[in-house]
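Working notes, structure below.
Convention: sequence-line order gives letters A, B, ...; per-chain numbering from 1.
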Amino acid sequence: MTTFAELGVDQDIVDALAARGIIDAFPIQEQTIPLGLPGQDIIGQAKTGTGKTFGFGIPVVQRLGLNPEPGVKALIVVPTRELAVQVYEDMDMLTSNRSTSVVAIYGGKAYEGQIDQLKAGAQIVVGTPGRLIDLNNQRLLDLSNAAEVVLDEADKMLDLGFLADIEKIFQKVPAVRHTQLFSATMPGPIVTLARRFMSNPIHMRANDPDEGLTQANIRHLVYRAHALDKDEVIARILQAEGRGKTVVFTRTKRAAQKLVDELGDRGFNAAAVHGDMSQEARERSMAAFKAGKRDVLIATDVAARGIDVNDVTHVINHTIPDDEKTYLHRAGRTGRAGRTGIAVTFVDWDDLHKWALINRALEFGQPEPVETYSSSPHLYEDLDIPAGTKGRIVTAPKAQKSDAPKRDGGGKGEGEPRRRRRRGSGSDAGSGSTDAPTRTEDAPREGDGSGTHDGGGKEHHDGKPAPRRRRRRRGPRGPREGAAGTA
DNA sequence: AAAAAAG
């Protein structure tokens, strides 16, 4: 492990991190900070929950001093409002020992406070595209000196739904700038597209390519959901002892609302977050979930990316995600910063094909041997969670489809991260190699490239073992007995 | 097709 000080991080930032118990840098940080500090353009790719935010954020903060121009000097663009708040908080923490001020610019909120902070001289702006462009159009946000530009969840930002806005934003920032793109997933075509906005970017991957993209410390369980009362099963999982916080993902806003109402009727402590809610209600839900006042969060994919709540033990896909990228990001809400987690997915009858695609893309290798508790999902005929099995979801071998011998540690302990060949359909497959930074070829770029950079992902940990929540959860309809411990 | 993101 390398300390942040050894990476060239300024003492005041080292101190700010230390105040939060953060001393050692994660691999993606070791890789990108030394490159970002001198202004190298970076495409930073690392698994969920491994510290990307500081990977870009620290260089951004330290490079501000190199920019003599007034006004906003750095722009960090993210796909959701909640992520804007979170990244804002991280940047605010990093700058807590210096005068640099940070502002979050996103929709659904009053303009006034945001405008005031801009006028007061905010130097780092973290925001979502719509409001950023809105304020820029109103000449209330000048981006012409923002020589540090970051796209967090970069592949999402360059996706069709956001691309036009991102192109607009890139037209407003200096042509000579430092550009950093970070995400856990970076499909090849997106990397190609990304080069257009960068100058001689280096594609850094913190993970071993043989290892695939899934987190070794997340256990994946997949169940067919036909003839299954999903709400009932979810309720049972939520009653499990040893369960910490849980995020349940649905495909639609309506389904999320319906489920949170249903669980509320059953007496669960659930909160929802989706786009049909007021921003105020969304933030209330997130705050309550983070604070532990609510221990179940029912969400649409608005919460699939980046959101960092450090004691989420379970992610439940009430509805299967659309693609393998979304699967990875959703599952990545647990198992962060070295902790373990469980991802449960229900596959409806009509979604078997979707599951097959995800299974193949992520190389879960259903037919392969199961080596450890780690990342090997299996599709079962049905779900069988014995009533007394709190906290430990037992896989039902009877229905196992695999014909390969199964060696399984049972769900516990530090399984050796299993190595898989990865090749082919993995959407995340980047073009880079793992242990060595891969230099992507130069590509024509609009503008120029002197670049500022910064990069990072948000997830960090304090290096301490996961504080296991052993709150005993008692189901609304009566506690169930069982073994405890999710990990 | 859904969700997200300006109001």
Side-chain angles (χ1 to χ4, degrees), chain A residues 75-88 103-115 118 125-141 143 150-170 172 183-185 190 247-260 272-283 285-286 297-307 315 317-333 345-348 350-351 353-355 357-358:
Chain A
L75 176 65
I76 300 171
V77 190
V78 302
T80 65
R81 297 165 180 177
E82 284 71 24
L83 192 53
V85 171
Q86 179 181 293
V87 173
Y88 160 80
V103 62
I105 302 289
Y106 57 94
K109 264 205 135 171
Y111 285 83
E112 196 181 8
Q114 297 177 3
I115 293 169
L118 286 171
V125 169
V126 181
T128 49
R131 182 64 69 93
L132 288 171
I133 291 170
D134 184 357
L135 290 185
N136 181 259
N137 286 341
Q138 294 189 53
R139 301 186 167 266
L140 293 167
L141 170 62
L143 293 174
V150 179
L151 299 188
D152 194 8
E153 303 300 342
D155 57 326
K156 183 68 174 176
M157 304 315 297
L158 296 172
D159 213 358
L160 248 44
F162 278 118
L163 185 56
D165 283 348
I166 294 305
E167 284 179 320
K168 208 169 295 174
I169 288 169
F170 271 121
K172 304 293 186 179
S183 182
T185 51
I190 296 291
V247 183
V248 183
F249 286 102
T250 62
R251 190 175 64 92
T252 64
K253 294 176 278 194
R254 280 186 55 183
Q257 193 56 53
K258 188 177 162 220
L259 186 57
V260 76
V273 59
H274 60 71
D276 276 349
M277 296 165 59
S278 70
Q279 189 54 31
E280 187 189 12
R282 284 167 59 164
E283 290 181 21
S285 283
M286 292 305 302
L297 184 70
I298 314 296
T300 56
D301 282 326
V302 68
R305 286 178 175 254
I307 299 303
V315 165
N317 288 316
H318 175 274
T319 331
I320 193 171
D322 281 344
D323 55 42
E324 71 284 358
K325 292 182 292 298
T326 308
Y327 181 93
L328 276 177
H329 287 283
R330 282 184 180 186
R333 292 322 95 207
T345 301
F346 294 110
V347 183
D348 290 310
D350 293 341
D351 293 328
H353 179 63
K354 224 182 250 178
W355 164 248
L357 292 177
I358 292 172

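Looking at heavy-atom distances under 4.0 Å, Phe249(A) makes no contact with the nucleic acid at all. Contacts of Gly275(A) with the nucleic acid, taken as non-hydrogen atoms under 4.0 Å apart, involve only primed sugar atoms and P, OP1 or OP2. Residue-level contact check: Arg282(A) touches the backbone only, with heavy atoms under 4.0 Å from sugar-phosphate atoms and none from bases. Across all strands, Asp322(A) comes closer than 4.0 Å to base atoms (heavy-atom distances). In this structure, Lys156(A) reaches the bases: a heavy-atom distance under 4.0 Å links it to at least one base atom across the strands shown. Among the protein residues, Asp134(A) comes within range of the nucleic acid bases, having at least one heavy atom under 4.0 Å from a base atom.
Crowding of Glu112(A) atom CD: a count of heavy atoms from other residues, nucleotides or ligands under 6.0 Å not exceeding 12. No more than 12 heavy atoms of other residues, nucleotides or ligands lie within 6.0 Å of NZ in Lys258(A), so this atom counts as exposed by the packing criterion.
Partners of Arg282(A) by salt bridge (Lys or Arg N to Asp or Glu O under 4.0 Å), not counting sequence neighbours, listed by chain and number: Glu82(A).
When each of Val87(A), Val125(A), Leu83(A) is checked for a side-chain contact (heavy atoms from CB on, under 4.5 Å) with Ile76(A), only Val87(A) meets the rule.
Of all non-hydrogen atoms in Phe249(A) and Arg333(A), the two that sit nearest each other are CZ-CG, 3.9 Å.
Put simply, chain A comes within 4.0 Å of DNA chain B, heavy atom to any atom, from dA1(B) to dG7(B), going 5' to 3'.
Rounding to the nearest 0.5 Å places NZ of Lys325(A) at 7.5 Å from CD1 of Ile190(A).
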